[in-house]
Trainee: 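Structure provided below as structure tokens; questions to follow.
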Amino acid sequence: MDFCKIDKFQRKIKRIIITKDEIKAAVKKAGEIINSLYDGKPILLISILKGSFIFLSDLCREITVPCEIGFIAAKSYYKDTQSSGIVNITLDIQQDISKYHVIIVEDIVDTGRTLNDVAKLIKSRNPISFKVITLLDKPDRRIVDFDVDYSLFTIPDVFVVGYGLDYGEYYRNLPYIAEFSE
Ligand code: IMP
Ligand code: MG
């Protein structure tokens with residue numbers, strides 16, 4: 001094992017901005033809200049891969065209303081910390097959306113481009129209702145005006161990793177949200 005490399009890797013984590021416990025409490029509360037809003041309604045949680053996979057897996061275990069899960073993959077960030085401005089749908093959902101109350105589960109709303117494109121696509125398939133929940137919101141970076149229904153945390157304009165969010169595909173497995181610096 002190359003310990004110099006590991007040290008360099010860890011030094012890029014500047015500070016923890018949201019702890020594991022803070023995330024846990026906020027996810028629990030979000031689950032309770034979903035349970036009260038959707039009692040008796042068929043829900044389809046649509047996770048935008050890959051960033052939201054951990055948020056989705058924790059959130060769905062706080063949900064007691066019967067729900068289905070679908071995945072959509074949209075890519076707009078590549079190897080750097082700047083948005084490419086191009087959103088590609090690389091994996092689509094199989095379910096007939098018109099039968100469900102859809103809740104999009106996103107990791108972070110940054111420029112708003114990804115959600116704007118995904119929302120357009122999903123809405124064109126006529127879900128019974130449509131809402132968006134995001135773990136993080138970075139409003140200072142917004143380019144496309146997009147209204148999120150529920151955001152667990154609002155963060156400043158810093159690049160963050162952990163709890164599903166990556167830098168060059170690394171750091172997704174951190175149990176907290178941390179500020180990252182190259
Ligand atoms: P958008 O700019 O709102 O379209 O965000 C696109 C995607 O970029 C998000 O869904 C995240 O996966 C990723 N992203 C945006 N900001 C960050 C960040 O601070 N850290 C890691 N990924 C990010
Ligand atoms: Mg994402």
Trainee: Under the salt bridge (charged side-chain N to carboxylate O under 4.0 Å, His left out) test, which residues partner K131, sequence neighbours left out?
Mentor: none
Trainee: Other residues, nucleotides and ligands only: do more than 12 of their heavy atoms fall within 6.0 Å of NZ on K24?
Mentor: no
Trainee: Working to the nearest 0.5 angstrom, can you tell me the gap between L174 CG and Y163 OH?
Mentor: 13.0 Å
Trainee: Which atoms form the tightest heavy-atom contact between F146 and A119, and what is the distance?
Mentor: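 So the two residues come closest at CE1-CB, 3.6 Å.
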Trainee: To the closest 0.5 Å, what do you measure between CD (E22) and CZ (F153)?
Mentor: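 Atom-to-atom, E22:CD and F153:CZ are 6.0 Å apart.
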Trainee: Under 3.5 Å, is there a donor-acceptor pair between the Y100 and E68 side chains?
Mentor: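 Their side chains do contain a donor-acceptor pair, which is all the 3.5 Å distance test asks for.
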Trainee: Does Y171 have its ring centroid less than 6.0 Å away from the ring centroid of F180?
Mentor: yes
Trainee: Check step by step if salt bridge (charged side-chain N to carboxylate O under 4.0 Å, His left out) holds for R61 and D58.
Mentor: CA-CA 5 Å; R61 282 176 288 177; D58 283 347; 2.9 Å; yes
Trainee: Mark yes or no for whether K138, through its side chain, and V158, through its backbone, hold a donor-acceptor pair below 3.5 Å.
Mentor: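 Yes; judged by distance alone, with no hydrogens or angles, the pair exists.
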Trainee: Using side chain to side chain donor-acceptor pair (under 3.5 Å) as the criterion, list what pairs up with T134, not counting sequence neighbours.
Mentor: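 Per chain and number, T134 pairs via side chain to side chain donor-acceptor pair (under 3.5 Å) with no residue.
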Trainee: Dump the intermediate steps for side chain to side chain contact (heavy atoms under 4.5 Å, CB included) on I72 and L91, then the final yes or no.
Mentor: CA-CA 5 Å; I72 200 162; L91 173 77; 6.0 Å; no
Trainee: About how many Å separate OG of S124 and CG of N126, when rounded to the nearest 0.5 Å?
Mentor: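 One gets 7.5 Å once the value is rounded to the nearest 0.5 Å.
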Trainee: Calculate, to the nearest 0.5 Å, the distance between atoms CD1 and OG belonging to I103 and S129 respectively.
Mentor: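 It comes to 7.5 Å.
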Trainee: Dump the intermediate steps for salt bridge (charged side-chain N to carboxylate O under 4.0 Å, His left out) on E169 and K50, then the final yes or no.
Mentor: CA-CA 9 Å; E169 293 300 327; K50 299 175 194 171; 3.0 Å; yes
Trainee: To the nearest 0.5 Å, what is the distance between CZ (F130) and CD1 (I97)?
Mentor: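 Interatomic distance, F130 CZ to I97 CD1, rounded to 0.5 Å: 9.0 Å.
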Trainee: Nearest heavy-atom pair of P42 and I128: which atoms, and what distance?
Mentor: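 That closest heavy-atom pairing would be CG-CD1, 4.4 Å.
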Trainee: Shortest non-hydrogen contact from L135 to D107?
Mentor: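 Result for this residue pair: CB-O, 3.3 Å.
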Trainee: Could you pull out the closest heavy-atom pair between I122 and I104, with the gap in Å?
Mentor: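 Shortest heavy-atom separation between I122 and I104 comes out as CG1-CD1, 3.8 Å.
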Trainee: For the residue pair Q95 and I69, what are the closest heavy atoms and their distance?
Mentor: NE2-O, 3.2 Å
Trainee: Looking at residues at least two apart in the chain, or sitting in another chain, which of them share a side chain to side chain contact (heavy atoms under 4.5 Å, CB included) with T154?
Mentor: D137, P139, S151
Trainee: Consider side-chain contact (heavy atoms from CB on, under 4.5 Å). Of I133, I46, L115, L56, which one does E106 pass it with?
Mentor: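 The option that passes is L115.
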Trainee: Under a 4.0 Å N-O cut-off, is there an ion pair linking K99 with D96?
Mentor: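 Between D96 and K99 there is a salt bridge, with a charged N closer than 4.0 Å to a carboxylate O.
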Trainee: Hey, could you give me the OG/NZ distance between S181 and K12, rounded to the nearest 0.5 Å?
Mentor: 9.0 Å
Trainee: Any donor and acceptor pair, going by atom type alone, linking the side chain of N35 with main-chain N or O of G31 inside 3.5 Å?
Mentor: yes
Trainee: Looking only at heavy atoms, which two atoms of D110 and R142 are closest? And how far apart?
Mentor: O-NH1, 3.2 Å
Trainee: Should R125 and D92 be marked as a salt bridge (charged side-chain N to carboxylate O under 4.0 Å, His left out) after you check the CA-CA gap, both sets of side-chain angles, and the distance that decides it?
Mentor: CA-CA 12 Å; R125 297 177 186 170; D92 209 342; 2.6 Å; yes
